[in-house]
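Taking it in order: structure first as C-alpha cells, then the write-up.
Each chain gets a letter, A, B and so on, in the order the sequences are listed, and its residues count up from 1.
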Protein chains: 2
Amino acid sequence: MTARRRGDLFDPECPTRQLLDRVGSKWTAMCVLVLDETGTELRFSELKRQMSGISQKVLTETLRALERDGLLTRRVEPTSPPRVHYGLTARGQSLAAPLRQLRWWAEENMPGVDDHRRLYDRKRAR
Amino acid sequence: MTARRRGDLFDPECPTRQLLDRVGSKWTAMCVLVLDETGTELRFSELKRQMSGISQKVLTETLRALERDGLLTRRVEPTSPPRVHYGLTARGQSLAAPLRQLRWWAEENMPGVDDHRRLYDRKRAR
DNA sequence: CAGAATCCTGCGAGATACTG
DNA sequence: CAGTATCTCGCAGGATTCTG
C-alpha cells in the first residue's frame with residue numbers, strides 16, 4: 001500500500017479529503033448504505049428503484065466509481081437479457097460502518113438543526 | 001423538534017441526505033474537524049491559515065452555514081480591528097465523532113483504494 | 001435489462017476588488 | 001482583521017435518445 005501522511009487534513013492529497021469528495025458525491029453513500037442494509041447483491045434495476053430519483057446515467061457512473069475503488073463487485077450473468085448483480089466487497093462493508101454512524105447522527109440531530117436554521121433565518125429577516 | 005421519517009433514505013427530505021449534502025460540501029467537514037482537534041475557539045485568520053487553500057469567501061460561507069445549523073458559535077470581540085472567534089457547539093462536537101470515524105476509515109483504507117484504482121485503470125487500458 | 005452516447009444546465013467554488 | 005460584493009467557470013448531475 002502506498003504510504004500517506006496521516007493527520008494532514010491540509011494536504012489536498014490527504015485521504016480524508018479524497019474520501020469526503022467521494023462520499024460527498026450525491027449518491028455514493030446512499031448506494032453503499034442501500035447495499036449494506038439489504039445484505040445481499042442487488043441488480044441494476046433494483047438499485048435504481050430503491051434509489052428513487054437517480055438517473056440511469058448517474059447510477060451507472062456511481063457504480064463504476066465504487067467498483068473502481070474496490071468497494072463493490074459487479075457480477076454479470078451471461079443470459080439474455082443480461083442480469084447484473086452488485087454487492088459490497090469487504091472494504092465496502094467496512095465503509096458502511098462509519099456511514100451508518102453518520103446516518104444515525106443525522107436522524108438524531110437534523111431535525112434540531114432544521115429548527116435552528118428556521119430560528120436563524122427569522123432573526124436575520126429583520 | 002420536527003418529526004422526520006426514519007430510515008427513509010429514499011425521501012429527498014431524508015435527514016441523512018441533507019447531512020450528506022452538507023458534509024459533502026468541500027470544506028464543512030474539515031472545518032468541524034479542525035475545530036474539534038484544536039479543542040478551543042479559533043479566530044477567522046487562524047482557521048483560514050489551517051485550512052490551506054480555502055478562499056476568504058468560501059470560508060465565510062462555510063462558517064455562516066455551520067452557524068446557521070447551530071453547529072458552531074460566532075463570538076465577536078468589539079475591538080478595533082475586530083476579533084472573531086469560532087467554536088463548536090455541543091451539537092457540533094457530537095458531529096465531530098462520526099466524522100472522526102470516517103477520517104479513521106479513510107486513513108486506513110484510502111491507500112488500498114488508490115491501489116485498486118490503479119489496477120482497475122490498468123486493466124481497462126487494454 | 002443494463003447500459004452507452006449526447007446534450008445541456010445550475011451552482012459550488014475560485015479569483016479579484018473594495019470596506020468599517 | 002474580517003469580512004462584503006461581483007464576475008467567472010468547471011463539471012456533477014439531469015434529460016433524452018439509442019442499442020446488444
Check: Rounded to the nearest Å, what distance is computed from the CZ atom of residue B/Arg17 to the C1' atom of nucleotide D/dG13?
Finding: 13 Å
Margin query: Between the side chains of A/Asp115 and A/Arg118, is the shortest nitrogen-to-carboxylate-oxygen separation below 4.0 Å, so that they form an ion pair?
Written below: yes
Item checked: Letter per nucleotide, 5' to 3', of nucleotides 13-20 of chain C [B base touched, S only sugar-phosphate touched, - untouched; heavy atoms, 4.0 Å] -> BBB----B
Checklist line | Nearest-Å distance for atom pair CD/C1', residues A/Glu67 and C/dG3 | finding: 13 Å
Next item on the list: Can you tell me which residue pairs pass the salt bridge (Lys or Arg N to Asp or Glu O under 4.0 Å) test with a partner in residues 53-65 of chain A, sequence neighbours excluded?
Entry: A/Lys57-A/Glu61
Next item on the list: May I have the distance from A/Asp21 (atom CG) to D/dG13 (atom P), rounded to whole angstrom?
Entry: 11 Å
Next item on the list: Decide yes or no on side-chain contact (heavy atoms from CB on, under 4.5 Å) for A/Glu67 and A/Thr73, but give the supporting numbers first.
Entry: CA-CA 6 Å; A/Glu67 187 195 1; A/Thr73 56; over 6 Å; no
Check: How many angstroms lie between atom OG1 of B/Thr16 and atom CG of A/Leu33, to the nearest 0.5 angstrom?
Finding: 7.5 Å
Margin query: What's the angle between the local helix axes at either end of the helix from C/dC1-D/dG20 to C/dG20-D/dC1, using five pairs per end and rounding to 10 degrees?
Written below: 50°
Next item on the list: Please report, rounded to the nearest Å, how far the C1' atom of C/dC1 is from the CG atom of A/Leu59.
Entry: 13 Å
Item checked: Separation of atom CZ in A/Arg22 from atom C1' in D/dG13, rounded to whole Å -> 15 Å
Next item on the list: Answer yes or no: is there a side-chain heavy-atom contact under 4.5 Å between A/Trp105 and B/Gln101?
Entry: no
Item checked: Distance in angstrom units between A/Leu47 CG and C/dG3 P, rounded -> 10 Å
Item checked: Nucleic acid contacts of residues 68-76 of chain A, taken as heavy-atom distances under 4.0 Å to DNA chain C -> A/Arg74
Note to self: Looking at A/Arg43, I'd like to know whether one of its side-chain N or O atoms comes within less than 4.0 Å of OP1 or OP2 on C/dC1.
What the structure shows: no
Item checked: B/Val32: which of B/Thr62, B/Val23, B/Leu72, B/Leu66 passes side-chain contact (heavy atoms from CB on, under 4.5 Å) -> B/Leu66
Checklist line | Short side-chain N/O contact from A/Tyr86 to OP1 or OP2 of C/dC1, under 4.0 Å | finding: no
Item checked: Protein-nucleotide distance (B/Leu42, atom CG; D/dA2, atom P), rounded to Å -> 11 Å
Item checked: Min side-chain heavy-atom separation A/Leu102-B/Leu99 under 4.5 Å -> yes
Note to self: Per the salt bridge (Lys or Arg N to Asp or Glu O under 4.0 Å) rule, what does the pair list look like for residues 18-35 of chain A, sequence neighbours excluded?
What the structure shows: A/Arg22-A/Asp69
Check: Can you tell me how far C1' of C/dC1 sits from NE2 of A/His85, to the nearest Å?
Finding: 11 Å
Note to self: Donor-acceptor pair, distance only, cut-off 3.5 Å: does the side chain of B/Lys48 make one with the backbone of B/Leu59?
What the structure shows: no
Check: Does A/Val76 belong to the same Ile/Leu/Val/Met/Phe/Trp/Tyr cluster as B/Tyr120, with side-chain heavy atoms less than 4.5 Å apart forming each link?
Finding: no
Identify every side-chain donor-acceptor pair in residues 79-87 of chain B under 3.5 Å, counting partners at least two apart or on other chains, and give the distances.
unit_1  : atom_1 : unit_2  : atom_2 : d
B/Thr79 : OG1    : B/Pro81 : O      : 2.8
B/His85 : NE2    : B/Glu77 : OE2    : 2.8
B/Tyr86 : OH     : B/Arg74 : NE     : 3.2

